[in-house]
Amino acid sequence: METKWSKLIVIPVLSACLLIAPAAAPGFARVQAAGASVAVLAQAPIQVTVDGSKLAGSAFEENGSVFVPMRELFNEIGASVSWEKNTQTVFARQGGISVSLQVGKKEAIVNGKAVKLDSAPVVRQAVTYVPVRFVGETFALSVKWDSKLKTVSLLTPRAQQEEQYQQWLNEQESLPKLTTTEIVDQYDESIVMITTNVAQGSGVVIGEQLVLTNYHVIEDASSATLLNLYGENVSVEGVVAYDELADLAIIKTKEPLDLNPVALTTGMSSRKGDKVVAIGSPYGLQNTVSDGLISGIRFENGVRYVQTSAPIDHGSSGGALFNEYGELVGITTSGHAKSSAELNFAVSSIHATLLMYSIEEEKLAKATFLPASLPSTFVGLPLTEVASIMQKQFDTIATSEGAASLTKWDVQRDGTGWLVLTANIDPRFYMYYGTSTANELRMWAINLGYTLHDLLPNEKIRVLINFDRVYEIELKDIAPGEMTPLGDGKWRVRYPVIDLQLKDQLYIKVRS
């Protein structure tokens with residue numbers, strides 16, 4: 001469903017204007033009646049509009065306050081309203097705001113708390129009127145007075161957002177567009193290459209000692225350094241904030257960077273078809289520049305992604321995606337390696353802006369690396385605990401075709417002293433994508449082999465990732481030992497998709 005971006009932009013609510021008339025307000029004249037000063041209309045009555053629509057009935061001014069018809073106003077702003085005749089009390093509710101006002105009483109009850117009023121509600125010709133200033137302040141309405149037209153204009157919060165969004169769009173259109181070279185000249189030094197003890201990626205300088213990157217770049221790292229455009233290495237002190245779901249982290253360096261920081265924005269100016277420029281370090285090729293278009297705006301699990309045709313690759317993670325106005329609109333994070341369509345993605349910078357606001361003073365003062373997802377060793381752990389850790393940390397294999405889930409991890413020691421780890425791959429995924437992802441399954445197995453060697457350096461280890469499925473027919477041409485009768489006309493087919501064996505060297509066989 002299409003969503004107006006104005007609903008997503010964080011815009012401060014406008015405070016209601018004070019419609020306090022001077023000694024002789026425009027359009028009014030003072031007369032003496034029964035010994036009291038009373039304001040009466042000298043010209044046409046005051047008109048009221050809500051979000052541009054004319055309100056039924058007119059308003060009037062009395063003793064410095066402007067009054068509007070109660071029921072019509074509350075209905076127009078979407079508030080439910082009721083009237084208690086015996087006590088002459090108005091009750092109104094909108095969202096989490098409930099209000100009660102009594103005719104003749106200069107006090108209102110808002111969400112159970114008493115609030116003083118400058119003027120009390122009044123009844124004129126069987127119509128109840130309420131002071132517009134109070135209604136505006138209570139329900140976050142923008143209130144404007146046009147003395148020439150004698151009109152009170154009210155804007156609801158939603159209309160205020162749309163008005164400011166349109167104003168912002170108009171301002172965007174007037175901004176000068178930059179060439180790719182001009183963007184590079186302005187921001188090249190603000191992009192750094194990050195090298196940790198387990199990974200390599202990119203980062204965007206956003207403060208004197210703060211760098212924005214992807215969570216997966218800094219995940220499981222116990223040390224890291226930044227390399228800037230001038231060949232200087234700067235050590236990383238740790239992480240000050242992170243959002244695992246949005247795949248973002250902000251890290252702090254041990255020393256000031258003395259580099260031009262990139263301003264964080266909402267990134268909501270991203271529009272399909274706009275030109276963008278990516279800067280990052282794919283495969284360690286520092287500050288590689290590419291350009292392309294915004295191919296689409298995607299949402300997944302509440303995270304906003306900018307899809308782009310600007311080429312990126314391994315090592316680009318955490319790099320910058322700028323629009324043609326030089327604004328940071330995304331942090332490059334992933335792509336489809338096997339596609340020739342340049343299907344690449346960046347996390348919208350709105351998530352980075354929110355993350356920046358979340359930084360706690362304590363974490364900023366003492367940054368630390370994230371806790372490791374794996375223990376330092378498996379040596380001495382019960383095999384059931386090893387199996388539990390494997391199920392938690394290795395429950396999926398990420399591929400260009402999607403994630404292949406792994407279930408039923410088990411760890412046993414066989415009669416020859418080998419430590420055997422087994423799990424089942426999603427049979428449907430394997431049937432559909434086993435051939436096309438064979439190389440990715442092999443790379444996953446290689447990485448797993450190195451990890452297990454570090455955790456169990458002196459063990460003979462075998463990992464079997466199995467296809468395991470029950471059929472109600474006896475399949476033909478299945479290799480001996482790979483199909484077992486279960487009775488009741490059912491047959492179990494089971495064979496290893498990945499066979500990984502290691503001690504000092506790796507042996508890997510992937511069945512595609």
Side-chain angles (χ1 to χ4, degrees), residues 4 6-7 11 13-21 25-29 38-85 88-106 108-110 115 117-167:
K4 289 187 178 180
S6 59
K7 296 180 183 178
I11 299 177
V13 176
L14 300 177
S15 59
C17 303
L18 303 183
L19 292 178
I20 304 295
F28 297 92
V38 180
V40 296
L41 290 174
Q43 299 178 20
I46 299 171
Q47 299 297 323
V48 181
T49 64
V50 178
D51 293 347
S53 299
K54 186 177 178 180
L55 192 70
S58 60
F60 66 88
E61 187 267 353
E62 185 175 278
N63 295 330
S65 294
V66 173
F67 290 80
V68 292
M70 171 268 296
R71 186 174 297 278
E72 289 81 355
L73 175 59
F74 284 140
N75 286 338
E76 192 66 29
I77 67 174
S80 61
V81 60
S82 59
W83 166 256
E84 189 176 272
K85 184 177 181 181
Q88 291 195 306
T89 302
V90 178
F91 297 94
R93 176 183 292 275
Q94 183 192 51
I97 302 173
S98 61
V99 175
S100 66
L101 305 98
Q102 190 172 7
V103 172
K105 189 174 183 180
K106 288 187 175 182
I109 304 299
V110 180
V115 176
L117 301 178
D118 292 331
S119 301
V122 297
V123 175
R124 296 287 185 270
Q125 296 180 343
V127 176
T128 303
Y129 291 84
V130 291
V132 71
R133 174 186 174 185
F134 166 76
V135 176
E137 291 177 343
T138 303
F139 292 98
L141 306 178
S142 167
V143 185
K144 296 180 182 179
W145 162 251
D146 189 316
S147 58
K148 292 183 178 180
L149 298 177
K150 297 181 177 58
T151 300
V152 177
S153 299
L154 304 175
L155 290 180
T156 60
R158 178 176 178 179
Q160 294 171 45
Q161 292 176 2
E162 292 179 350
E163 184 180 73
Q164 291 204 1
Y165 177 62
Q166 187 59 51
Q167 180 182 349

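Taking CD1 of I109 as the start and CG of L101 as the end, the distance is 9.0 Å to the nearest 0.5 Å. Atom-to-atom distance recorded for Q167:CD and Q164:CD is 6.5 Å, nearest 0.5 angstrom.
The side chain to side chain donor-acceptor pair (under 3.5 Å) contacts involving residues 71-84 comprise E84-T87, where partners must be two or more places apart or lie in separate chains.
Looking at P157 and L141, their side chains come closer than 4.5 Å, going by heavy atoms from C-beta outward. Side chains of Q88 and V123 form a contact here, defined as non-hydrogen atoms less than 4.5 Å apart. The side-chain heavy atoms of W145 and V66, taken from C-beta on, include no pair separated by under 4.5 Å. Under the 4.5 Å side-chain criterion, counting only non-hydrogen atoms from C-beta, V122 is in contact with F67. Between K106 and D118 the shortest side-chain heavy-atom distance does not fall below 4.5 Å. Counting heavy atoms from C-beta outward, L73 and V81 have side chains that stay 4.5 Å or more apart. Residues L155 and V50 fail the side-chain proximity criterion, which asks for heavy atoms closer than 4.5 Å. The side-chain heavy atoms of K54 and Q47, taken from C-beta on, include a pair separated by under 4.5 Å.
In terms of the side-chain hydrogen bond (donor to acceptor under 3.5 Å, both in side chains) criterion, residue partners of T156 (sequence neighbours excluded) are, by chain and number, D51. Not counting sequence neighbours, Q102 has no partner by the side-chain hydrogen bond (donor to acceptor under 3.5 Å, both in side chains) test. Here S119 pairs with S65 under the side-chain hydrogen bond (donor to acceptor under 3.5 Å, both in side chains) rule; sequence neighbours left out. When the ring-ring contact (aromatic ring centres under 6.0 Å, His included) test is applied to Y129, the partners found at least two apart in sequence or on another chain are F60. Scored by the side chain to side chain contact (heavy atoms under 4.5 Å, CB included) test, S98 finds R93, N111 as partners (sequence neighbours excluded). For A79, the side chain to side chain contact (heavy atoms under 4.5 Å, CB included) partners at least two apart in sequence or on another chain are F74, I77, Q94. Taking T49 as the reference, T151, S153 meet the side chain to side chain contact (heavy atoms under 4.5 Å, CB included) condition, with sequence neighbours excluded. R124 is linked by a salt bridge (Lys or Arg N to Asp or Glu O under 4.0 Å) to E62, counting only residues two or more places apart in sequence or in another chain. Residues satisfying the side-chain hydrogen bond (donor to acceptor under 3.5 Å, both in side chains) criterion with T128, sequence neighbours excluded, are absent altogether.
Residues A140 and Q160 approach most closely at O-NE2, 2.9 Å, considering heavy atoms. Taking every heavy atom of both residues into account, V68 and A59 meet most closely at CG1-CB, 3.9 Å. The shortest non-hydrogen separation linking G104 to A120 is C-CB, 3.4 Å.
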